Amino acid sequence: MPGTVEGGLKAAAANKAKDPDFYRRIGAIGGRNGRSGGFASDRELARVAGAKGGKRSRRGYELVRETPTTLVYRRLDTQKEETVRKHSI
């Protein structure tokens with residue numbers, strides 16, 4: 001069953017049966033092949049990237065109030081309030 005969840009679970013079980021450390025071993029190989037170091041090597045880069053993402057994710061809105069079924073936001077540029085139903089988020 002290639003390409004299905006069930007097939008993936010069967011493959012994972014077979015890999016673990018053949019070699020209990022299979023995923024640990026291939027994960028270690030991937031870690032050794034990494035060259036950038038990621039955010040762990042540069043805290044300032046992580047801070048700047050997080051600030052950029054946080055700013056963009058808000059898109060100029062602030063939460064005014066929340067009810068059990070809706071969220072009410074205010075646009076920061078026009079001060080106009082917008083209501084959003086929670087299940088559509």
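Quantities reported herein were computed from a predicted structural model and do not represent experimental measurements.
Listed by chain and residue number, Thr67 satisfy the side-chain hydrogen bond (donor to acceptor under 3.5 Å, both in side chains) test with Thr70 (two or more places apart in sequence, or in another chain). Qualifying side chain to side chain contact (heavy atoms under 4.5 Å, CB included) partners for Leu45, counting only residues two or more places apart in sequence or in other chains: Phe39, Asp42. For Glu44, the side-chain hydrogen bond (donor to acceptor under 3.5 Å, both in side chains) test picks out Arg47, with sequence neighbours left out.
For residues 22-32, every residue pair satisfying the side chain to side chain donor-acceptor pair (under 3.5 Å) rule, not counting sequence neighbours, is listed here: Asn15-Tyr23, Asp19-Arg25, Asp21-Arg24. Pairs of residues two or more places apart, or lying in two chains, that qualify as salt bridge (charged side-chain N to carboxylate O under 4.0 Å, His left out) and include a residue from residues 66-75 are Glu62-Arg74, Glu66-Lys86, Arg74-Glu81, Arg75-Asp77.
Hydrophobic side-chain contacts under 4.5 Å tie Ile29 to no other Ile, Leu, Val, Met, Phe, Trp or Tyr residue.
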